[in-house]
Amino acid sequence: MSATTSIHGMWSTRLAFILAAAGSAIGLGNVWRFPYTAGEYGGGAFVLVYLLCVAAIGIPIMMAEILIGRRGRQSPINTMRTLAEREGKPAAWSLLGWMGILSGFLILSFYSVIAGWTLAYVVRAAGGAFTGIDAAASKAMFDGFVGNPEALFAWHTVFMVLTVMVVARGVASGLEQSVKWMMPALFVLLLVMVVYAGWAGDLGAAARYLFAPDFARLQDKAGEAILSAMGQAFFSLSLGMGAIMVYGSYLRHDASIARSTVMIAATDTLVALLAGLAIFPMVFAHGLEPGSGPGLIFVTLPIAFGEIPGGSLFGALFFVLLVFAAWTSSISILEPVVAWLVENRGFSRVRAAIIGGTGAWLLGIACLLSLNLWSGYTVAGKGILDLFDYLTANILLPLGGILIAIFAGWVLPRAATLDELGGTDSAGYRLWRFLIRYVAPAAVALVLLNGVGLFKVIGLA
Ligand code: PHE
């Protein structure tokens with residue numbers, strides 16, 4: 001039998017879990033990363049592959065992560081070990097948890113830097129810096145900011161402190177309270193932005209760009225584009241590193257995993273598409289470059305806010321909500337290592353949160369320096385921040401996903417997963433089991449190997 005509660009606390013209701021998991025999923029990945037990555041790979045074709053990955057790979061793997069977490073009721077490292085040993089399988093499955101901790105540190109380090117940009121832009125918006133700004137001035141403002149290590153350092157530090165504070169307070173009082181109203185507010189404001197962008201910008205061009213797949217645009221970059229679309233799905237849904245697993249460990253046994261997952265994945269996807277529809281009309285109306293990279297929203301949105309009456313207030317509000325979205329994600333990135341430190345080292349949550357946060361904060365300093373003083377140091381053309389981003393989203397998270405799928409599909413007995421997924425051997429359950437045993441591991445492996453160029457190396461493509 002499995003434990004019915006976690007020593008770290010429990011979500012008070014199923015809705016609280018859905019909000020927390022959606023809070024984890026919805027973040028900079030949707031509003032910052034999705035638009036610029038879609039822009040780098042030419043739009044529609046990338047978006048289509050992304051949506052396919054969410055449906056056929058993301059949803060089944062999210063269900064697997066939640067059910068594994070709920071069955072183990074501990075940090076991902078200990079959950080994997082306990083469940084594996086119970087089935088007479090090697091305790092080395094806990095390495096999956098360790099890999100997740102590594103991914104978590106790498107992600108949180110650059111995530112906090114970008115969240116710091118968002119904080120800085122709250123202040124800029126409120127101070128009227130966007131009023132009447134044109135594309136060139138907006139770009140100059142962004143470049144000036146990113147070239148300033150002291151400013152980046154200060155905001156990165158502020159954001160990391162915010163993250164540690166919430167995690168230190170614990171599951172019910174810390175995590176749960178912060179998501180209740182922020183997410184709905186962000187959603188509403190994003191809708192307002194889409195309406196504005198549609199009115200002031202070129203909505204038709206944006207919709208064609210995002211939703212009319214043109215595979216010719218991928219050309220010889222197809223393998224890389226498909227890998228990036230899949231990586232974006234993993235990143236955006238918070239999969240492959242144990243964040244959703246640890247949240248699942250605080251979920252009551254009677255809550256439906258399938259229904260929760262569909263709601264979480266659907267809102268996450270909707271927010272990403274809305275962000276695209278808020279940003280690309282302005283990109284096209286102002287002759288900006290969709291593929292201009294990580295600065296895309298920080299250059300585009302100020303132009304929109306600069307045109308709107310009351311745009312200073314409006315812009316400040318938007319970036320505040322984006323900070324909150326990032327915040328509800330960053331706490332979930334820190335939670336797996338904190339749970340482990342509490343379980344295995346006997347630390348208090350406060351101490352564990354400070355230690356974990358400090359580690360990611362130190363790594364984050366390297367990330368922010370790679371944008372200015374250390375911009376000359378690159379590996380395969382990527383600076384440290386880009387490298388951490390690529391390595392986690394496109395390699396480590398998919399790798400984690402494959403292992404989670406294999407564990408849920410092949411290591412856990414059918415009876416165990418059936419029990420977690422409602423107990424009735426329905427067509428839905430059989431579809432999930434088929435996807436998790438065959439489709440997800442094979443698809444992720446193929447996309448991964450193809451995307452890193454392995455098939456080219458061995459002469460298959
Ligand atoms: N899903 C979050 C976002 O889109 C980022 C994240 C990745 C959170 C991995 C947890 C784990 O911003």
Side-chain angles (χ1 to χ4, degrees), residues 18-38 50 53-54 58-59 61-62 65-66 69 75-76 96-97 99-118 159 163 166-167 175 178-179 182-183 186-187 190 228-248 261 264-276 294 297 321-339 356 360 388-401 404:
I18 292 177
L19 284 172
S24 167
I26 298 167
L28 297 172
N30 308 59
V31 181
W32 161 72
R33 201 177 189 281
F34 172 75
Y36 93 75
T37 315
Y50 168 72
C53 288
V54 169
I59 289 181
I61 291 186
M62 186 179 283
E65 260 201 54
I66 299 172
S75 66
L96 171 60
M99 194 170 91
I101 301 288
L102 171 68
S103 310
F105 274 116
L106 296 176
I107 294 175
L108 187 54
S109 68
F110 74 80
Y111 204 83
S112 172
V113 172
I114 311 292
W117 297 3
T118 313
F159 185 79
T163 301
V166 174
V167 176
L175 310 192
S178 25
V179 285
M182 299 174 194
M183 288 298 128
L186 177 73
F187 194 76
L190 214 45
S228 292
M230 185 177 79
Q232 175 61 25
F234 272 96
F235 187 86
S236 191
L237 293 170
S238 304
L239 297 177
M241 61 141 294
I244 291 294
M245 190 184 291
V246 80
Y247 274 18
T261 299
I264 296 159
T267 43
D268 184 66
T269 306
L270 196 60
V271 170
L273 296 177
L274 284 178
I297 70 159
L321 290 171
L322 192 51
V323 168
F324 281 125
W327 199 358
T328 55
S329 301
S330 63
I331 57 180
S332 75
I333 308 174
L334 194 52
E335 183 65 17
V337 72
V338 167
F388 284 8
D389 177 304
Y390 181 87
L391 206 66
T392 51
N394 292 2
I395 313 267
L396 289 174
L397 299 184
L399 219 53
I404 287 162

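What you see is a predicted model, and the numbers here were worked out from it, not measured in a lab. The figures here come from the full heavy-atom set of this structure, side chains too, leaving out hydrogens, waters and symmetry mates. Counting starts at 1 for both ligands and their atoms, following the listed order. All residue numbers refer to positions in the sequence shown, counting from 1.
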Quiz item: Where do D268 and V54 land on the side chain to side chain contact (heavy atoms under 4.5 Å, CB included) test, with the steps shown first?
Solution: CA-CA 10 Å; D268 184 66; V54 169; over 6 Å; no
Quiz item: Who passes side-chain contact (heavy atoms from CB on, under 4.5 Å) against A360, sequence neighbours left out?
Solution: F105, L108, M160
Self-check item: Residues in side chain to side chain donor-acceptor pair (under 3.5 Å) contact with D389, at least two apart in sequence or another chain
Solution: R33
Quiz item: Are S329 and L28 close enough that some pair of their side-chain heavy atoms sits under 4.5 Å apart?
Solution: no
Quiz prompt | Partners passing ring-ring contact (aromatic ring centres under 6.0 Å, His included) against Y50 (at least two apart in sequence or in another chain) | solution = F34
Quiz item: Does any non-hydrogen side-chain atom of I66 lie less than 4.5 Å from one of Y247?
Solution: no
Close N/O pairs between ligand 1 and protein, under 3.5 Å:
| from | atom 1 | to | atom 2 | distance (Å) |
| --- | --- | --- | --- | --- |
| ligand 1 | 1 (N) | S24 | O | 3.2 |
| ligand 1 | 1 (N) | A25 | O | 3.0 |
| ligand 1 | 1 (N) | F235 | O | 2.8 |
| ligand 1 | 1 (N) | S236 | O | 3.1 |
| ligand 1 | 1 (N) | S238 | OG | 3.0 |
| ligand 1 | 4 (O) | A25 | O | 2.9 |
| ligand 1 | 4 (O) | G29 | N | 3.3 |
| ligand 1 | 4 (O) | N30 | OD1 | 3.4 |
| ligand 1 | 12 (O) | L28 | N | 3.1 |
| ligand 1 | 12 (O) | G29 | N | 2.8 |
| ligand 1 | 12 (O) | Y111 | OH | 2.5 |

